[in-house]
Amino acid sequence: MSKGVTPRSKDYAKWYTDVVQKAELADYSPVKGCMVIRPYGYALWEQIRDFLDRRFKETGHVNAYFPMLIPESFLRKEAEHVEGFAPELAVVTHGGGKELEEPLVIRPTSETIIWSMYKKWINSYRDLPLLINQWANVVRWEMRTRLFLRTTEFLWQEGHTAHATGEEAEEEAHRMIDVYRQLCEEMLALPVHVGRKTENEKFAGAVNTYTIEAMMGDMRALQAGTSHYLGQNFAKAFDVKFQTEDNVMEYVYASSWGVSTRLVGAVIMAHGDDQGLILPPRIAPYQIIIVPIYKNPKDKEKVMGLVSTLEKAFKEHGIRYHTDGRETVSPGFKFNDWEMKGVPLRVEIGPKDADKNGLMRIRRDTGEKIFLAIDDFMNSCKETLEDIQQSIYNSRLAFREANTTDVATYNELKEVVEKGGFARTFWAGNSEMENRIQEETKATIRCILFEKTKESGPCVMTGKPSTEQVIFAKSY
RNA sequence: CGGGGCGUAGCGCAGCCCGGUUAGCGCGCCUGCUUUGGGAGCAGGAGGCCGGGAGUUCAAAUCUCCCCGCCCCGACCA
């Protein structure tokens, strides 16, 4: 294996796959389009999962598990839904050596199987709201795949809720997109735009789709999570009615929402540099890597004494750390290795440091390298990790703002999108215009912003006054 | 599905155009010694159905045909 990764400036796509593989996050599987998530990459997903699972439970949700195999006919019950997913279904036609009477699809998403069950479970307004989440794998037979960002099989969570009123279901959809925003901003140090999808871009079967959109290191947009208000579409398709307090039968209202292992890709692309990954401390599997340095048994004893003091303190403070005690590779190799893996703080302890009862501390995000006495280090340690978390977020926000341009005309929009970045403008156009812009510029409306910089303005295409401010960008 | 690239050791590649003894190189791996504060050095060693099949030939990694697979770029999508 060669050293280092392809520089981002030379080939961004190559840089990305280099980092994924060299940081040992994932590897290609024997099956086209699938990937193996390696322990270090899976650890990132576990951090995301743990954060979300806690938030889901805090907001009143419970976990359940529905089967992966779904009768093919279920998919056909919701017209838009089947149209949206039919081309990318994997279908099981044989089982136990015999052809099946009805083919089974491997879930591309679980609305249909879940709503077939909700029909059994929901009878009365007393059964509502029903707030269920599941952690699962899904399969979508995509034409083109990319490690983490788009794989044939991926891991995700999908929340599926049923409510007595549309307002309540809408509120739920908003609540959950906000949980995703918190995940990105607080945990992944990733600023996102929160907004609504246009008709063109919304989920197959949804009334409204809400999204969070992030800017990657190459200035392209990445949809990091979605939350849908489904109205009564699935309730009608699966005939899920409830009896109201007034003894009236009514279809229930629904929401669904999900994020996937794609978020790991977002972290890589948003923060990484030509040395490899840069992990925000809150998601980093190891927040601190300790590299002991010694030449002889005497030095080793001295150094390791200090190391175990540190380890004990890290445990007490709940800091995730790892000591790289490999004796077969040089310190220099370890420095590069852990930089590739994006560990936020590195601590080097050699005989010289041990003599002074101190250590060298190196920040992955800034490269800052300073000597600190052990006590000073321990006293500032948590604070430093927080500072790294914050400054990574700040730098991403600054990057996004520096590469966002308000545009007033279609020509300006083209220019901005061409050179890379977000174009922000008002919009009152229709679906055909959107398609035309996509054909001509490759850019799409990423979202209609919840947080506008101005109340209203003229539409970039039609000139008509509009209150809908949007972001145009090329996306993943 | 369209365009491009590639299948030779665990990984990355050379050799192929112009067929010819034992198929090379770098990294990694194993053993030993010396090393260890930014990807260590030397010595020795292990490891190949040259993607698969069929053909041409005295002889195929190399030429011909067919097949399979993967990666990258587009259309589709989280």
Side-chain angles (χ1 to χ4, degrees), chain A residues 1-6 11-14 16-18 21-22 27-35 83-89 108-109 137-158 180 197 200-204 209 211-214 221-228 256-266 275-276 291-297 299-300 303 324-340 346-355 359-360 362 367 369 371 435 438-439 442 444 446 474-476:
Chain A
M1 202 184 336
S2 62
K3 297 170 188 173
V5 294
T6 307
D11 184 343
Y12 194 83
K14 185 76 173 25
Y16 176 78
T17 48
D18 281 358
Q21 290 179 88
K22 292 194 176 176
D27 207 347
Y28 291 105
S29 87
V31 177
K32 178 188 164 82
C34 292
M35 70 168 175
E83 200 186 318
F85 284 106
E88 51 190 68
L89 292 180
T109 178
N137 56 341
V138 287
V139 167
R140 297 182 187 178
W141 218 265
E142 304 285 355
M143 292 283 103
R144 255 196 71 217
T145 56
R146 224 137 118 50
L147 294 168
F148 286 112
L149 297 178
R150 186 172 301 106
T151 45
T152 301
E153 177 188 2
F154 57 95
L155 303 183
W156 77 344
Q157 62 60 223
E158 46 182 330
Y180 293 157
K197 286 289 187 189
N200 277 24
E201 299 279 326
K202 74 175 195 193
F203 175 71
T209 289
T211 180
I212 47 172
E213 300 281 331
L222 183 86
Q223 179 176 305
T226 49
S227 179
H228 317 288
S256 72
W257 26 273
V259 296
S260 71
T261 35
R262 164 178 260 204
L263 281 173
V264 175
Q275 261 60 253
V291 180
I293 300 162
Y294 47 81
K295 298 194 218 307
N296 52 56
D299 283 351
K300 177 174 178 180
V303 165
D324 190 346
R326 288 179 288 179
E327 302 208 346
T328 50
V329 293
S330 68
F333 181 91
K334 294 177 186 177
F335 301 161
N336 286 289
D337 195 32
W338 292 108
E339 275 166 16
M340 180 65 70
R346 182 173 76 243
V347 165
E348 303 174 11
I349 305 175
K352 283 180 269 176
D353 308 299
D355 288 339
L359 50 76
M360 295 301 297
I362 299 91
K369 181 170 183 171
F371 176 84
N435 289 336
Q438 178 166 14
E439 270 165 43
K442 308 271 184 244
T444 50
R446 301 317 305 155
K474 289 187 205 168
S475 76
Y476 277 98

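Proteins come first, then strands; the chains are lettered A, B, ... in the order of their sequence lines, and each starts at number 1. Note that these values count all heavy atoms, side chains included, but never hydrogens, waters or copies made by symmetry.
- In this structure, Thr261(A) OG1 and Leu155(A) CG are separated by 5.0 Å, a value rounded to the nearest 0.5 Å.
- Residue Thr151(A) is classed as a base contact, given a heavy-atom separation below 4.0 Å to a base.
- Contact check on Asp337(A) versus Arg326(A) returns a salt bridge, with a Lys/Arg side-chain nitrogen under 4.0 Å from an Asp/Glu carboxylate oxygen.
- Among the protein residues, Glu339(A) comes within range of the nucleic acid bases, having at least one heavy atom under 4.0 Å from a base atom.
- Between rA59(B) and rG74(B), the distance separating the two C1' atoms is 45 Å to the nearest Å.
- Rounding to the nearest 0.5 Å gives a distance of 12.0 Å between CG of Leu149(A) and CD of Glu142(A).
- Here rC76(B) presents its C1' atom at 13 Å from CG of Leu89(A), a figure rounded to the nearest Å.
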Pick out the pairs of N or O atoms, protein on one side and nucleotides 68-74 of chain B on the other, that lie under 3.5 Å.
from	atom 1	to	atom 2	distance (Å)
rC70(B)	OP1	Lys32(A)	N	3.2
rC73(B)	OP2	Arg144(A)	NH2	2.1
rG74(B)	OP2	Arg144(A)	NH1	3.2

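- Asn336(A) CG to Lys22(A) NZ: the interatomic distance, rounded to the nearest 0.5 Å, is 11.5 Å.
- Put simply, CG on Asp355(A) is 17 Å from P on rG37(B), counting in whole angstrom units.
- Ring geometry for Phe203(A) against His228(A) counts as parallel: the plane angle stays under 30°, on a 0 to 90° scale with 60° as the upper cut.
- rA61(B) and rC72(B) have their C1' atoms separated by 25 Å, with the value rounded to a whole Å.
- Residue-to-nucleotide contacts include no donor-acceptor pair under 3.5 Å from the side chain of Asp337(A) to the base of rG39(B).
- The phosphate of rU36(B) has neither OP1 nor OP2 within less than 4.0 Å of any side-chain N or O from Ser330(A).
- Contact annotation for Lys300(A): no contact, since no heavy-atom pair falls under 4.0 Å across all strands.
- To the nearest 0.5 angstrom, Lys352(A) atom NZ is 11.0 Å from Asp299(A) atom CG.
- Base engagement by Arg346(A) is indicated by at least one non-hydrogen atom pair under 4.0 Å involving a base atom.
- Geometrically, Arg146(A) does not engage Tyr476(A) in a cation-pi contact defined by less than 6.0 Å to the ring centre and at most 45° from the axis.
- Between Glu88(A) atom CD and rC1(B) atom P there is a gap of 17 Å when expressed in whole angstrom units.
- Between rU62(B) and rG53(B), the distance separating the two P atoms is 12 Å to the nearest Å.
- Taking CD from Gln438(A) and CG from Asn200(A), the interatomic distance works out to 8.0 Å, rounded to the nearest 0.5 Å.
- We find the OG1-CZ distance between Thr145(A) and Arg150(A) to be 9.0 Å, quoted to the nearest 0.5 Å.
- Distances were taken from every side-chain heavy atom of Asn336(A) (C-beta onward) to each of rC77(B), rC76(B), rG39(B); the shortest belongs to rG39(B).
- Distance check on atom P: rC58(B) versus rC66(B) gives 24 Å, rounded to whole Å.
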Show each protein N/O and nucleotides 2-4 of chain B N/O combination with a separation under 3.5 Å, one pair to a line.
none

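- The minimum heavy-atom distance between Thr152(A) and Cys34(A), with the atom names listed, is CB-SG, 4.0 Å.
- Heavy-atom nearest nucleotides on RNA chain B were determined for Leu359(A) and for Ala204(A), and the one closer to the 5' end corresponds to Leu359(A).
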Residues Gln223(A), Arg446(A); criterion side chain to side chain contact (heavy atoms under 4.5 Å, CB included); working and verdict:
CA-CA 8 Å; Gln223(A) 179 176 305; Arg446(A) 301 317 305 155; 3.9 Å; yes
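- Contacts of Gln223(A) with the nucleic acid, taken as non-hydrogen atoms under 4.0 Å apart, involve only primed sugar atoms and P, OP1 or OP2.
- One can place CG of Asn296(A) at 10 Å from P of rU36(B), the figure rounded to the nearest angstrom.
- The separation between Phe371(A) atom CZ and rG37(B) atom C1' is 13 Å, rounded to whole Å.
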Report the secondary structure of RNA chain B in dot-bracket form, marking unpaired bases with a dot and bases paired to a different strand with |, and treating Watson-Crick or G-U pairs with both distances under 3.5 Å as paired.
((((((((.[[[[.)....(...]]]].((((((.....)))))).....[[[[[..)....]]]]])))))))....
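- Here the separation of rA46(B) from rC73(B), taken at their P atoms, is 41 Å to the nearest Å.
- Taking atom CZ of residue Phe335(A) and atom P of nucleotide rA40(B), one finds them 11 Å apart after rounding to whole Å.
- Atom-to-atom, OH of Tyr476(A) to C1' of rC77(B) comes out at 15 Å; the value is rounded to the nearest Å.
- Distance check on atom P: rU8(B) versus rG12(B) gives 8 Å, rounded to whole Å.
- Leu263(A) comes within 4.0 angstrom of nothing in the nucleic acid, heavy atoms only.
- Distance NZ (Lys474(A)) to P (rC77(B)): 18 Å, rounded to an integer number of Å.
- rC29(B) and rG15(B) have their P atoms separated by 27 Å, with the value rounded to a whole Å.
- If Asp353(A) and Glu201(A) are placed on RNA chain B by their nearest nucleotide, the residue sitting closer to the 5' end is Asp353(A).
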Let me see the working for Asp27(A) and Met35(A) under side chain to side chain contact (heavy atoms under 4.5 Å, CB included), right down to the final yes or no.
CA-CA 6 Å; Asp27(A) 207 347; Met35(A) 70 168 175; over 6 Å; no
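- Side-chain contact of Thr6(A) with Asp11(A): a donor-acceptor pair under 3.5 Å is absent, judged by distance alone.
- Side chain Glu348(A) to base rG38(B): no donor-acceptor pair is found below 3.5 Å.
- Atom P of rG2(B) sits at a distance of 42 Å from the matching atom of rC27(B), rounded to the whole Å.
- For Gln21(A) and Tyr16(A), the side-chain atoms include no donor-acceptor pair closer than 3.5 Å.
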